[in-house]
Amino acid sequence: MSTTTGARPRASQRERGRPENEQAVAVPVGHLKARRSPRLVAAGLLVACLGGLGGAMAYQQASHANQVIVVQHTVPRGEVVRQSDLAVVTIGSAPGVHTTPARDLDALIGRRALVDLPAGSLVAPAWQSYAYGI
């Protein structure tokens with residue numbers, strides 16, 4: 001057995017302002033304007049692609065490693081550079097840092113240092129022309 005309280009169901013927001021005897025009438029809407037502008041969609045895609053390209057370039061530059069020559073032990077001016085004085089290390093590429101590739105190691109061994117070569121320093125290409133008497 002069900003009991004009815006006599007309360008009417010709540011009217012929806014649209015029906016509240018309408019008199020009870022009036023029925024809802026469907027109004028033709030016609031053509032609605034698109035919510036997204038094709039120009040804005042294209043601009044968003046372009047920005048996303050450029051951001052991805054910039055990120056890929058930054059990752060490649062940060063993860064690209066080079067094997068270069070470093071001075072392992074201090075070599076005073078006038079001394080002959082030995083194999084034990086130099087070492088090969090792997091570093092990431094850095095703009096403005098000039099290094100000598102590891103493949104040139106044999107060309108530097110046996111040369112006389114014309115300047116002091118401090119331990120831990122990277123061998124710059126300019127050093128090959130004057131520091132090692134080449």
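Since we're looking at a predicted model, the values are computed, not measured.
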Point-to-point distance, once rounded to the nearest 0.5 Å, from [atom1] of [X] to [atom2] of [Y]:
X: H98; Y: L122; atom1: NE2; atom2: CG; value: 12.0 Å
X: T100; Y: N66; atom1: OG1; atom2: CG; value: 12.0 Å
X: D116; Y: S121; atom1: CG; atom2: OG; value: 10.5 Å

Inset, instruction - Answer yes if V115 and V123 sit in the same cluster of Ile, Leu, Val, Met, Phe, Trp and Tyr residues linked by side chain heavy atoms under 4.5 Å apart, and no otherwise. - result: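 Yes.
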
Inset, instruction - Report whether V80 and V71 are members of the same hydrophobic cluster (ILVMFWY, side-chain heavy atoms less than 4.5 Å apart, transitive linking). - result: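 Shared cluster, no.
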
Legend entry - Side-chain donor/acceptor of T74 to backbone N/O of P118, under 3.5 Å: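 It does not hold such a pair.
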
Inset, instruction - Go through the steps to decide whether L86 and V70 satisfy the test side-chain contact (heavy atoms from CB on, under 4.5 Å), and finish with yes or no. - result: CA-CA 6 Å; L86 303 176; V70 65; over 6 Å; no

Legend entry - Qualifying salt bridge (Lys or Arg N to Asp or Glu O under 4.0 Å) pairs with a residue from residues 64-82, counting only residues at least two apart or across chains: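 As it turns out, the salt bridge (Lys or Arg N to Asp or Glu O under 4.0 Å) pairs with a partner in residues 64-82, which skip direct neighbours, are R82-D85.
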
Legend entry - Minimum-distance pair of heavy atoms, taken over all atoms of P76 and A113: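 Answer, listing the atom of P76 first, then A113: O-CB, 4.0 Å.
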
Legend entry - Considering all heavy atoms, the nearest S84-H73 contact: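 That closest heavy-atom pairing would be O-CD2, 2.9 Å.
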
Legend entry - side-chain contact (heavy atoms from CB on, under 4.5 Å) evaluation trace for V88 with L105: CA-CA 8 Å; V88 176; L105 181 65; 4.2 Å; yes

Legend entry - side-chain contact (heavy atoms from CB on, under 4.5 Å) evaluation trace for I69 with L108: CA-CA 10 Å; I69 302 172; L108 301 178; 3.8 Å; yes

Inset, instruction - Hydrophobic side-chain clustering at under 4.5 Å (ILVMFWY, transitive links): who's grouped with M57? Put none if nobody. - result: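 Once heavy-atom contacts under 4.5 Å are chained together, M57 belongs with L53.
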
